Amino acid sequence: MMKAAVERNAGRPDRVQILGIGIDPVTMMEASARIERFIAEGVPRVVVTADASGIVAAQSDAQWRDILLGADLVTPDSAGIVWASRRVGSAIADRVSGVDLVDEICRLSAKKGHRLFFLGARPGVAEQAADRMRLHHPGANIVGTQHGYFSQDDENGIVEHIREAKPDVLFVAMGIPRQEKFIVAHLYEMAAKVSIGVGGSFDVLSGSVRRAPRLLRKLRLEWLWRLILNPRKWRKALSLPTFVWRVIISPKRPY
Ligand code: UDP
């Protein structure tokens with residue numbers, strides 16, 4: 001599987017290579033257009049919103065690396081990735097974050113009726129996020145929600161529940177890379193046309209976690225805000241210096 005994924009990635013010269021992982025240099029509009037195309041095509045597709053800590057984790061987790069290399073779309077979901085893209089000489093314009101992607105797909109769903117399923121976060125949070133999205137985008141067709149704290153024994157039942165809801169787009173918010181491993185393990189059983197890992201997005205969209213003030217977001221310091229609110233994130237933040245260091249010491253155009 002690993003070899004096949006590497007070959008697929010080698011066939012994607014349009015991707016910006018950061019520490020051996022290809023990132024699609026897409027804007028939000030381009031990302032949502034591709035997702036709409038995936039929905040129309042109807043073959044189960046995997047979308048990853050990649051951040052710097054995910055790229056670092058991929059250096060030592062072969063299964064996760066393989067998923068990233070084989071994904072149908074990898075969006076640049078962190079300021080670190082945008083910075084690194086400039087460094088390797090293929091500037092990516094801006095982030096395409098999980099939160100913004102969920103919001104945009106909900107907007108499209110309200111217009112076109114795409115069926116959406118929210119899986120992940122603490123009990124009640126996915127439902128709250130769905131309610132907020134229905135308020136923001138009246139008509140958004142969210143056909144099911146399920147929290148992300150289930151046991152192994154419940155997994156098959158949840159997969160079946162998702163399959164029965166027939167989602168066009170399945171958002172999975174259980175943290176990188178657990179959510180992507182879940183998606184790949186059940187991709188064809190769940191049969192969503194597009195499955196997207198969106199990390200802590202439901203916490204943000206439900207209002208459980210406040211988004212950083214606009215000024216901090218503009219200064220690309222949202223990570224600092226989230227760090228202050230959620231000390232659990234320190235471990236993740238600690239991978240940032242590793243990311244920066246590895247990007248700096250890697251050849252400018254390694255591929
Ligand atoms: N989560 C979950 N099941 C778990 C562990 C975590 O659904 O067993 C959820 C958690 O409640 C949070 C999300 O996964 O909503 C992870 O958010 P975080 O911001 O830590 O992830 P990241 O965006 O960094 O991948």
Side-chain angles (χ1 to χ4, degrees), residues 21 23 46-61 63-65 67-68 71 74-82 95-103 117-133 142 144-159 161-162 170-186 190 195-212 216-217 220-243:
I21 304 296
I23 311 283
V46 178
V47 177
V48 176
T49 58
D51 65 8
S53 76
I55 301 293
V56 171
Q59 312 296 307
S60 56
D61 179 340
Q63 191 195 354
W64 165 227
R65 183 184 166 84
I67 292 172
L68 272 164
V74 183
T75 76
D77 180 11
S78 80
I81 302 246
V82 172
R95 296 175 60 191
V96 176
S97 73
V99 174
D100 292 337
L101 208 50
V102 177
D103 187 63
F117 196 105
F118 286 15
L119 167 66
R122 292 184 311 280
V125 173
E127 190 53 47
Q128 234 175 313
D131 285 344
R132 284 271 189 107
M133 285 296 96
I142 301 163
T145 62
Q146 161 66 45
H147 68 74
Y149 290 83
F150 48 85
S151 66
Q152 191 77 41
D153 290 347
D154 293 335
E155 195 159 313
N156 286 341
I158 286 167
V159 165
H161 176 49
I162 293 168
L170 167 67
F171 295 110
V172 186
M174 302 194 300
I176 285 180
R178 188 167 170 242
Q179 60 203 16
E180 286 80 8
K181 290 181 180 176
F182 177 89
I183 287 172
V184 168
H186 303 292
M190 295 190 295
S195 296
I196 314 180
V198 292
S201 298
F202 298 163
D203 295 328
V204 175
L205 292 170
S206 66
S208 310
V209 170
R210 266 187 306 143
R211 254 202 113 170
L216 281 187
R217 274 193 264 161
R220 301 183 196 281
L221 290 175
E222 181 154 28
W223 60 272
L224 183 62
W225 173 259
R226 289 179 80 178
L227 202 58
I228 292 163
L229 293 187
N230 181 0
R232 268 195 318 113
K233 286 219 171 258
W234 277 107
R235 233 187 49 201
K236 207 172 155 171
L238 287 176
S239 67
L240 247 179
T242 310
F243 177 77

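If you're wondering where the values come from, they're calculated on a predicted model, not measured in any experiment. Whatever order the structure lists ligands and atoms in, that order sets their numbers, starting from 1.
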Aromatic contact between Phe117 and Phe171, with the criterion being ring centroids under 6.0 Å apart: yes or no?
no
Close N or O approach (Tyr149, ligand 1; < 3.5 Å):
yes
The one among Gly54, Ala173, Ala57, Gly148 that brings a heavy atom closest to atom 9 (C) of ligand 1:
Ala173
Under 4.0 Å, heavy-atom basis, I'd like to know which part of Ser53 is in contact with ligand 1: side chain, backbone, both or neither.
neither
Looking at Ser208, Gly197, Gly199, Ala121, the heavy atom closest to atom 13 (C) of ligand 1 belongs to Gly199
Can you find a heavy atom in the side chain of Trp64 that is under 4.5 Å from one in the side chain of Val48?
yes
Pairs of nitrogen or oxygen atoms closer than 3.5 Å, one from Gly200 and one from ligand 1: do any exist?
yes
Once rounded to the nearest 0.5 Å, what's the spacing between atom CZ of Arg95 and atom OG1 of Thr75?
9.0 Å
From Thr145 atom OG1 to Leu119 atom CG, the distance as rounded to the nearest 0.5 Å
9.5 Å
Answer whether the closest heavy-atom distance between the side chains of Val172 and Leu170 falls below 4.5 Å.
yes
Test item, Phe202 contacting ligand 1 (heavy atom, 4.0 angstrom):
no
Sidechain N-carboxylate O distance under 4.0 Å for Arg132, Asp103:
no
Using distance alone, determine whether Val198 and ligand 1 share an N or O pair under 3.5 Å.
no
Considering both backbone and side-chain atoms of Asp203, is one of its nitrogen or oxygen atoms within less than 3.5 Å of a nitrogen or oxygen in ligand 1?
yes
I need the contact type for His147 against ligand 1. Using non-hydrogen atoms and a strict under-4.0 Å cut-off, is it side chain, backbone, both or neither?
neither
Mark up the atoms of ligand 1 that fall under 4.0 Å of a heavy atom belonging to Lys236, in ascending order.
22 (P), 23 (O), 24 (O), 25 (O)
salt_bridge(Asp51, Lys236) N-O dist < 4.0 Å:
yes
Check for me whether Arg178 has a heavy atom closer than 4.0 Å to any atom of ligand 1.
yes
Nearest 0.5 Å please: distance from the CD atom of Glu127 over to the NE2 atom of His147.
12.0 Å
